[in-house]
Amino acid sequence: MSAAERRIETVRVELGARAYDILIGDGLIGAAGREIAARLPGARAAIVTDENVAARHAAALAASLEAAGIAATTITVAPGEKSKSFSMLEEVVDAVLAARLERGDAVIALGGGVVGDLAGFVAGIVRRGMRFVQMPTSLLAQVDSSVGGKTGINSPRGKNLVGVFQQPALVLADTGALDTLPVREFRAGYAEVAKYGLIDRPDFFAWLEANWREVFDGGPARAHAIAESCRAKAAVVARDEYETGDRALLNLGHTFGHALEAATAYDSARLVHGEGVAIGMALAHRFSARLNLASPDDADRVEAHLAAVGLPISTGEIPGELPGPERMLDYIAQDKKVARGALTFILTRGIGRAFIAKDVASSEVLAFLRTAMLPSGAG
Ligand code: GLY
């Protein structure tokens with residue numbers, strides 16, 4: 001066993017008969033054949049990946065599967081959100097069927113969130129459900145989208161509106177794959193890492209405040225941050241797999257964040273998901289302080305940390321014009337169920353003390369946005 005392999009951490013997602021392991025460490029793409037063969041003996045595989053990831057990692061994965069005796073076919077899609085479409089779903093389903101894969105065979109998602117969501121949906125519907133392995137290659141996918149079984153595609157009416165819960169049989173997060181990520185993408189994924197500290201792990205948030213530079217540099221600190229994030233998400237998913245309760249806590253920062261993504265027409269030059277979440281988390285803490293639920297010092301602390309790592313914390317940092325507060329409230333209401341003028345938000349009583357607030361008055365949100373969306377970002 002090499003030194004790199006000895007550093008592999010395992011996080012268990014406790015879901016009864018569908019429990020699975022998340023393995024985190026450097027070199028897992030090269031070790032995939034062995035790990036998959038041990039858990040899915042006799043399975044053949046379809047690797048679903050995108051053109052960018054394929055160029056870097058598909059050959060190594062195919063060689064690793066071949067060495068373990070796993071026959072595999074590779075299906076490559078165009079990179080980007082547009083691949084989460086009905087037409088691409090049909091193409092990938094057809095390629096899996098053309099390869100004559102059976103229910104006991106595996107769909108392997110090698111890539112970021114788009115590939116994981118699309119391939120997981122394919123695994124969920126082909127032959128009424130195939131085995132599924134997640135091999136996330138972005139930080140966002142390693143700490144969030146590859147864990148917990150949400151899969152799907154976009155509809156012209158909105159993002160992620162069509163899909164299934166399809167838990168993977170295994171997640172292999174190769175931390176070495178992050179070495180080639182552009183820093184803006186790594187930073188955006190880091191917003192979700194910080195989120196876990198802010199939800200219910202105040203010690204982890206304090207650790208991130210002290211160690212974020214090492215997390216960005218790579219090595220054991222980065223692997224620890226990913227493992228801790230997966231542990232946090234696994235705990236929430238284990239107690240509420242289908243989001244009837246606590247799983248909604250994972251949406252901290254996402255209500256404001258999704259509205260900002262919609263208001264910027266999902267233009268990644270202006271805002272990517274994690275940046276929207278960073279601004280959203282800053283706003284959720286500031287809004288909680290305004291409602292006298294939490295101390296403004298906590299909102300200051302959140303903003304200071306996110307800004308230190310280079311994430312945006314106010315709407316004024318988004319390039320270009322934004323709609324005004326009234327229109328932003330419409331975007332928020334579109335993303336949420338509105339019951340008699342009240343919205344559900346994830347608010348907080350302090351660092352690591354997030355909770356689900358089901359009765360937030362739209363008028364309160366609007367009043368807050370009028371102050372928070374001032375060019376200074378004050379409020
Ligand atoms: N990304 C939120 C969830 O998996 O529930």
Side-chain angles (χ1 to χ4, degrees), residues 11-15 18-20 22 24 81 84 109 111-121 123-124 132 134 136-154 158-168 170-171 173 185 188-201 204 225-262 266 272-281 284 332 335-337 344-348 354-356 358:
V11 174
R12 185 94 177 143
V13 186
E14 296 291 356
L15 286 171
R18 288 168 299 110
Y20 56 94
I22 306 165
I24 300 141
E81 195 70 25
K84 281 175 62 172
V114 167
V115 161
D117 285 4
L118 174 68
F121 191 21
F132 176 40
Q134 283 273 23
T137 57
S138 70
L139 181 61
L140 181 76
Q142 293 193 353
V143 299
D144 184 13
S145 58
S146 71
V147 177
K150 281 189 180 175
T151 75
I153 58 171
N154 302 328
K159 286 181 78 171
N160 296 322
L161 291 182
V162 181
V164 295
F165 283 94
Q166 174 73 6
Q167 296 295 343
L170 175 67
V171 181
E185 197 180 332
Y190 182 89
E192 302 279 358
V193 174
K195 180 188 80 175
Y196 295 113
L198 294 174
I199 292 172
D200 60 2
R201 300 194 171 215
F204 181 47
I226 294 168
E228 194 59 20
S229 299
C230 289
R231 261 190 287 279
K233 181 154 185 185
V236 174
V237 169
R239 55 178 200 267
D240 180 23
E241 183 178 3
Y242 297 111
E243 200 168 313
T244 55
D246 268 12
R247 187 164 178 164
L249 289 168
L250 299 175
N251 294 331
L252 176 63
H254 285 59
T255 301
F256 289 121
H258 284 159
L260 290 169
E261 283 185 273
Y266 301 96
V272 293
H273 175 72
E275 293 165 347
V277 170
I279 297 171
M281 291 192 299
I332 289 171
D335 189 55
K336 294 269 140 196
K337 284 198 209 90
T344 297
F345 262 83
I346 311 305
L347 297 178
T348 189
F355 68 99
I356 303 166
K358 292 210 166 118

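Order of appearance sets the numbers: ligands from 1, and atoms from 1 within every ligand. Not measured: the values here are computed from a predicted model.
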- Sorted by first residue and then second, give each side chain to side chain donor-acceptor pair (under 3.5 Å) pair with at least one member in residues 137-153; sequence neighbours left out. D144-K233, K150-E243
- Classify the angle between the aromatic ring planes of F165 and Y242 as parallel (below 30°), tilted (30 to 60°) or perpendicular (above 60°). perpendicular
- Query: Can you name the residues that come within less than 4.0 Å of ligand 1, going by heavy atoms only?
  - Reply: D144, K150, K233, E243, R247, L250
- Item | Counterpart residues, salt bridge (Lys or Arg N to Asp or Glu O under 4.0 Å), relative to E14 (two or more places apart) | none
- Task: Could you pull out all residues at least two apart from F132 that satisfy ring-ring contact (aromatic ring centres under 6.0 Å, His included)?
- Result: none
- Note on the structure: Distance col, row F204:CZ vs K195:NZ, nearest 0.5 angstrom, shows 12.0 Å
- Query: Is a side-chain donor or acceptor of D246 paired with a backbone partner of D240 at a separation under 3.5 angstrom?
  - Reply: no
